[in-house]
Amino acid sequence: MGLKVFNTLSGKKEDFVPLEQGRVGMYVCGVTVYDFSHIGHARCYVAFDVAYRYLKASGLEVRYVRNFTDVDDKIINRAAQTGEAPVDLATRNIRAFHEDMDALNCRRPDVEPRVTDHIPDIIALVERIVANGHGYAAPDGSVYFSIDSFREYGQLSKRNLDDMVAGASERVDEDPNKRNPLDFVLWKPAKPGEPWWESPWGRGRPGWHIECSAMSARHLGETFDIHGGGKDLVFPHHENEIAQSRAASGREFVKYWLHNGFVNVDQEKMSKSLGNFFTIRDVLVKYHPEAIRMFLLSTHYRSPINYSTRNLEEATGRIEYMTETVAKLDAAIADGGPEGGEVAPDAERVKAAIREAMDDDFNTAAALGHLFELCRGANDWVARKKKTPGRLATLVAIREVLREAASIFGILENPPARVLAEIKDRDVVRLGLDVTDIEKVIAERWAARQAKDFARADALRAELGARNIDVSDSPSGSTWRVRRQTQE
RNA sequence: GGCGCCAUAGCCAAGUGGUAAGGCAGAGGACUGCAAAUCCUUCAUCCCCCGGUUCGAAUCCGGGUGGCGCCUCCA
């Protein structure tokens, strides 16, 4: 394979060469489970789900690790509000996260470690960092990482220590426990009522960044191939991970750093703190999971993407079109036709084009464009006469490419009829339609048609049209669907 | 203030040196009682602006304008 990935560390696209031939270790920072996840999280995990699927489809053996941060200030604070034990709150949110990811058809990572299951690893790691002279215990029971001991600090985020010190001095209060204001905490002492674990520095809990260093080493080894996450993690989280891991092992930590762009709302980053977020579960009520994936994958993962109902509607339309194409294709293939004949080159050409696009830093937007062309071709072939030479063979070849693409993008994997029905259900919910009433009008119109009362039938069509309902007639009856609101 | 990213048609969006993918919307056509769906055709002489490099730039370099992000919890 000729995969190239954009590495944040070098700022360039690089040839992807696994450390160990044929095998890939991939770590993606998971969520801090204090609340439901939003579309911004969905983007990250769908993007890396596709990367995971593509690497596997390319014949690599991938070990995908994604953690749960289940102990931290936010969880403790939230638990205090709800009156739950922090661990219960975390467990509840992990379950919710799984529901969301499963709904979005994201494959489960091979390992999903929880911080609280790795405290001994974390303590051992902190001890090693201290022993190597890169960390120090402060009088209050905290252990800090010493920035000054790690010359490469800032490499990933392209920051200069002096500038940061200057910038930080303006708003970071001098902390008597720290040797350098930029030192960050590896282990923090527990305040009364907080969860704690025994450690060489007294009762306490892990700092924010250390868990990923510990868990990635535990499950992937000290050096591994891919580390991913949102762009907002580049600094300080990933920068600090590098410092910790390298300070402990003395070895290279991660070969390729991949970061996804944000989901914006009105050109502004979607985030909890801004309050402009939409939870995955809320969006799933109104839009089909495949539509959400289509929406997210229609833009390259590193670029910003704007969340809007308009874009979700459009993505829904695209999924609907592709799903219907698959349905027609399957029906036409089942219907058979003359065997043999020359297979049209479309299938192979598009298959290669999709690979090429995906090899270029997972360019799903370009790949989906090619898939669209293939669907046009599919519909064209379906509509040709059954005895057209090579028709059946071509349809089969196209279907096969569609199947392969589906497994990479995580769409078009379910029975078309079911997906279409699920999309329609959401249309009904979103627009608050009265299905019984609509079907009453449909029946009435069908009767008028049977009676050749076309004026009446047209009037009823117009009436439904005013309610955003399109009717289509076939010899066996009329069906209806919701008109997509894809224009201003 | 420091660092980084982005700017492509009415809208969404690929394209990083060889003359603008794909989708939505729009227009015309085939099909249809009329429609819908589907298919076909059409729709950016041009890629924010100004310079430069080059035989050749949306693509590289410099400057400008506009937008966003990180520097604090954040996918």
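The figures that follow rest on heavy atoms only: side chains count, while hydrogens, waters and symmetry mates do not.
Nucleic acid contact class of A/G40 (heavy atoms, under 4.0 Å, all strands): base. Among the heavy atoms of the strands lying under 4.0 Å from A/S273 is at least one base atom, whether or not backbone atoms are also near. Nucleic acid contact for A/V234: none, since no nucleic acid atom lies under 4.0 Å from a heavy atom of the residue. Base contact: A/V263 has a heavy atom under 4.0 Å from a base atom. Looking at heavy-atom distances under 4.0 Å, A/E314 makes contact with a base. A/K158 comes within 4.0 angstrom of sugar-phosphate atoms only, judged by non-hydrogen atoms across all strands, and of no base. Across all strands shown, A/N311 has heavy atoms under 4.0 Å from sugar-phosphate atoms exclusively, and none from any base. In this structure, A/H300 reaches the sugar-phosphate backbone alone: every heavy-atom distance under 4.0 Å involves primed, P, OP1 or OP2 atoms, never a base. Note on A/F454: a base of the nucleic acid sits closer than 4.0 angstrom, heavy atoms only. Nucleic acid contact class of A/S37 (heavy atoms, under 4.0 Å, all strands): none.
Checked against the 6.0 Å centroid criterion, the rings of A/F184 and A/H237 do not qualify as a close aromatic pair. Checked against a 6.0 Å centroid threshold, the rings of A/Y256 and A/F6 do not count as neighbours. Here A/F36 and A/F97 keep their ring centres 6.0 angstrom or further from each other. Taking the six-membered ring for Trp and the full ring otherwise, the centers of A/Y27 and A/H227 sit less than 6.0 Å from each other.
Atom C1' of B/rU16 sits at a distance of 9 Å from the matching atom of B/rA58, rounded to the whole Å. Only the P atoms considered, B/rG51 is 29 Å distant from B/rA14, to the nearest whole Å. Taking atom P on both B/rU42 and B/rA21, the two are 12 Å apart, rounded to the nearest angstrom. Here the separation of B/rC46 from B/rC50, taken at their P atoms, is 12 Å to the nearest Å. Across B/rU19 and B/rU54, the matching C1' atoms stand 14 Å from one another, rounded to whole Å. Of the C1' atoms belonging to B/rA35 and B/rC43, the separation is 25 Å, rounded to the nearest Å. Only the P atoms considered, B/rG62 is 15 Å distant from B/rU53, to the nearest whole Å. Comparing the P positions of B/rG69 and B/rG26 gives an interatomic distance of 33 Å, to the nearest angstrom.
Closest approach to the A/T32 side chain among B/rA75, B/rA37, B/rG2 is made by B/rA75 (side chain taken as heavy atoms from C-beta onward). In this structure, of B/rU38, B/rA21, B/rG23, it is B/rA21 that holds the atom nearest to the side chain of A/E373. Distance from the side chain of A/R310 is smallest for B/rC24 among the nucleotides B/rC24, B/rC34, B/rA36. Candidate nucleotides B/rA14, B/rC34, B/rU38 were compared by shortest atom distance to the side chain of A/D473, and B/rC34 ranks first. Listed nucleotides B/rG15, B/rG69, B/rA13 differ in distance to A/T299; the shortest reach to its side chain belongs to B/rA13. Closest to the side chain of A/K328, out of B/rA37, B/rC68, B/rG33, is B/rA37. Distances were taken from every side-chain heavy atom of A/L233 (C-beta onward) to each of B/rA75, B/rA36, B/rA14; the shortest belongs to B/rA75. The side chain of A/F262 approaches B/rG69 more closely than any other nucleotide in the set B/rA14, B/rG15, B/rG69. Of all nucleotides listed (B/rA35, B/rC39, B/rU38), B/rC39 comes nearest to the side chain of A/R376. For A/D380, taking side-chain heavy atoms from C-beta onward, the closest of the listed nucleotides B/rA75, B/rC34, B/rC39 is B/rC39.
Using a 4.0 Å cut-off, no side-chain N or O of A/Y301 falls inside it from OP1 or OP2 of B/rA13. Regarding contacts with the backbone of B/rC39, a side-chain N or O of A/N379 is found under 4.0 angstrom from either OP1 or OP2.
Using the six-membered ring where Trp is involved, A/H259 and A/H238 have ring planes that are tilted, between 30° and 60° apart.
Side-chain atoms of A/D232 stay outside donor-acceptor range of the base of B/rG69, with no qualifying N/O pair under 3.5 Å. Side chain A/K231 to base B/rC70: no donor-acceptor pair is found below 3.5 Å. Counting atom types as modelled, A/R159 pairs no side-chain N or O with a base atom of B/rG4 as donor and acceptor under 3.5 Å.
In this structure a side-chain-to-backbone donor-acceptor pair under 3.5 Å is missing from A/D15 to A/K4. In this structure, the side chain of A/N77 engages the main chain of A/D73 through a donor-acceptor pair within 3.5 Å.
We find that A/R430 and A/D425 are not joined by a salt bridge, their nearest charged nitrogen and carboxylate oxygen being 4.0 Å or further apart.
Both A/R43 and A/D360 lie close to RNA chain B; mapped to their nearest nucleotides by heavy-atom distance, the more 5′-ward contact belongs to A/D360. A residue-by-residue look at A/I39 and A/A457 shows that A/A457 has its nearest nucleotide of RNA chain B further toward the 5' end.
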